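Report on the following structure.
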Amino acid sequence: MKHILIIYTGGTIGMVRTPNGYAPQDGYFRAALGAIPALASDEMPRWELYEMSPLLDSSNMTVNEWNKIARLIADNYDAYDGFVVLHGTDTMAYTASALSFMLDGLDKPVVLTGSQIPLCELRSDGRDNIITSILIAAGDRIHEVCLYFGGSLLRGNRATKYSADGLIAFVSPNYPPLAEAGITIRYNDAALLPRNGGELKLRLLENVPIGVIKVFPGIQFSLFESIMTEKLRGIVIETFGAGNIPGNGDALLPIIRRAFENGTVLTVCSQCPQGAVSLGAYETSSALKQAGAVSGLDITTEAAVAKLYYLFSCGYDKETVKREMERSLRGEMTT
Ligand code: ASP
C-alpha cells in the first residue's frame with residue numbers, strides 16, 4: 001500500500017474563526033482531518049500528518065519555511081511514495097515554484113493544495129482538494145512538484161493565483177494542466193515531466209536580496225534608483241505586453257545601467273498572464289535588451305522570483321545566472 005506524507009504548513013484550509021478573522025490554530029488540524037470519513041476509507045493510501053510550527057498564513061512564508069518544507073521532503077524521501085503539502089493559497093504558487101527548483105532530480109509526486117473555504121465551514125472546498133491530492137500523490141504518473149486545486153492539476157512553477165474568492169483559484173496560462181479530475185482523474189501524458197531516474201539533490205535557499213518592480217503609466221523610475229545598490233542581486237521587472245517599458249527606456253536606462261554596474265541580474269517578465277516576452281520586438285523594449293536584461297519569456301513572476309533565489313543560492317556568478325534564467329530547468333518556461 002502506498003504511503004503518503006501530508007505536510008501541513010497553515011493556510012485557510014485549517015484555519016478557524018477568531019475575533020481578528022480566520023487564523024491557524026495549533027492542534028486543530030489533525031482533528032479536522034479525523035472528521036473527514038473518506039480519509040479513513042480502505043480505498044485511501046496510508047498517510048501520516050506532519051504539522052509545521054508555527055502554522056502560517058501563507059502571506060508570512062519566507063525562504064526559511066521553503067527550506068523547512070524542502071528539507072522535510074528530502075529527509076523523508078525514501079520512506080514515502082508521495083508528498084502532499086497543505087498551504088495557504090496566497091503564496092502557494094511561489095512555494096510550488098521554489099520547491100520545484102530546490103528538489104533537483106525529484107521522481108516522486110509533490111502536490112501542493114489548500115482551500116478557499118476552511119474545513120471548519122460547511123461549503124469547504126478543502127475536502128475534495130485534500131482527497132484528490134492524496135490520490136494523485138499515491139499514483140505513479142507524477143515526477144514533479146505540482147499544484148492541485150478546484151479539479152485541475154497544474155505544474156507548480158507554471159501556476160498563478162487567479163481568484164481571491166473563486167473555488168478555481170489557480171490557472172496555468174502558459175502550460176496545459178497536467179491532469180483534470182472529473183469523474184476520473186485524466187492525466188495529460190504529453191504535458192508530464194518524465195521519470196528522472198537520478199538521485200534527489202536538495203538545494204537549500206539563501207535569503208538573497210532580490211526585488212520586483214511593476215511598471216505603470218507615469219512611473220517615475222528615479223524613485224527606484226535608491227534601491228539599485230550593489231546589495232540587490234536580482235530584480236524582476238513586470239513590463240507591459242511583450243516586454244515594453246514607458247518612455248523608450250530613457251528614464252529607466254540610467255537605473256538599468258546602475259543595476260548592471262552593480263552586477264544585478266534584471267529579468268523581464270510580462271504583466272500579461274498569457275504569452276511571452278520578446279525583447280526588441282518593439283522600440284519600447286529594445287533599451288532593456290541593449291542593456292543586457294534577461295528575457296523571462298513566458299515564466300510567471302512567482303517562478304522568476306523563486307528561480308533567482310535558487311540560482312544565486314547555487315553560488316553561480318552573474319553570467320551563469322543570466323544564462324540559466326533563459327533556460328528551462330524544471331519546465332518553468334517555454335524556450
Ligand atoms: N491568507 C490565506 C493564506 O494564504 C489564504 C488562503 O489560504 O486561501 O494562507
Side-chain angles (χ1 to χ4, degrees), residues 6-33 35-36 39 49-70 72-73 83-100 110-134 136-137 145-173 181 205 212 273 300-303 305-306 309:
I6 302 175
I7 301 169
Y8 175 52
T9 67
T12 293
I13 194 160
M15 288 188 182
V16 294
R17 292 185 204 176
T18 77
N20 299 321
Y22 288 121
Q25 191 181 74
D26 284 339
Y28 162 77
F29 192 69
R30 192 173 290 278
L33 284 192
I36 302 176
L39 291 181
L49 176 67
Y50 180 93
E51 211 171 293
M52 285 201 10
S53 178
L55 295 171
L56 293 180
D57 184 299
S58 75
S59 315
N60 292 322
M61 281 280 160
T62 66
V63 165
N64 294 340
E65 281 74 37
W66 293 348
N67 283 341
K68 276 193 208 168
I69 302 168
L72 208 53
I73 294 172
F83 301 84
V84 173
V85 180
L86 299 173
H87 195 286
T89 58
D90 288 343
T91 63
M92 196 187 293
Y94 286 93
T95 302
S97 300
L99 292 177
S100 76
V110 174
V111 187
L112 281 87
T113 194
S115 72
Q116 291 280 58
I117 307 175
L119 284 174
C120 67
E121 302 290 355
L122 211 54
R123 289 187 52 245
S124 177
D125 50 333
R127 281 177 278 272
D128 172 65
N129 285 347
I130 292 180
I131 292 166
T132 308
S133 296
I134 294 175
I136 291 168
V145 177
C146 46
L147 186 157
Y148 176 78
F149 216 93
S152 294
L153 183 71
L154 311 175
R155 175 163 297 157
N157 56 34
R158 291 291 198 153
T160 189
K161 186 172 177 184
Y162 153 83
S163 174
D165 53 14
L167 299 188
I168 300 178
F170 291 89
V171 290
S172 169
L205 300 188
V212 178
T300 60
T301 298
E302 292 91 324
V305 165
Y309 275 124

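All values derive from a computational prediction rather than experimental measurement. All ligand and atom numbering here is 1-based and tracks the order in the structure. We're numbering straight along the sequence, starting at 1.
Other residues, nucleotides and ligands contribute at most 12 non-hydrogen atoms within 6.0 Å of the OH atom of Tyr162.
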Between ligand 1 and the protein, give all atom pairs where both partners are nitrogen or oxygen and the distance is under 3.5 Å, as lines of names plus distance to 0.1 Å.
from     : atom 1 : to     : atom 2 : distance (Å)
ligand 1 : 1 (N)  : Asp57  : OD1    : 3.0
ligand 1 : 1 (N)  : Asp57  : OD2    : 2.9
ligand 1 : 1 (N)  : Asp90  : OD2    : 2.8
ligand 1 : 4 (O)  : Ser58  : OG     : 2.5
ligand 1 : 4 (O)  : Thr89  : N      : 3.3
ligand 1 : 4 (O)  : Asp90  : N      : 3.0
ligand 1 : 4 (O)  : Asp90  : OD2    : 3.3
ligand 1 : 7 (O)  : Thr12  : N      : 2.9
ligand 1 : 7 (O)  : Thr12  : OG1    : 2.9
ligand 1 : 7 (O)  : Thr89  : N      : 2.9
ligand 1 : 8 (O)  : Thr12  : OG1    : 3.0
ligand 1 : 8 (O)  : Thr89  : OG1    : 2.5
ligand 1 : 8 (O)  : Ser115 : O      : 3.3
ligand 1 : 9 (O)  : Asp57  : OD1    : 3.3
ligand 1 : 9 (O)  : Ser58  : N      : 2.7
ligand 1 : 9 (O)  : Ser58  : OG     : 3.4

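Scored by the salt bridge (Lys or Arg N to Asp or Glu O under 4.0 Å) test, Arg17 finds Glu121 as partners (sequence neighbours excluded). For the side chain to side chain donor-acceptor pair (under 3.5 Å) test, no residue two or more places apart in sequence or in another chain qualifies with Tyr28. The salt bridge (Lys or Arg N to Asp or Glu O under 4.0 Å) test applied to Asp90 returns Lys161, not counting sequence neighbours.
Ring orientation note: the planes of Trp66 and Tyr309 are nearly perpendicular, at an angle over 60° on the 30°/60° scale.
If you check the side chains of Thr18 and Asn20, you find no donor sitting under 3.5 Å from an acceptor.
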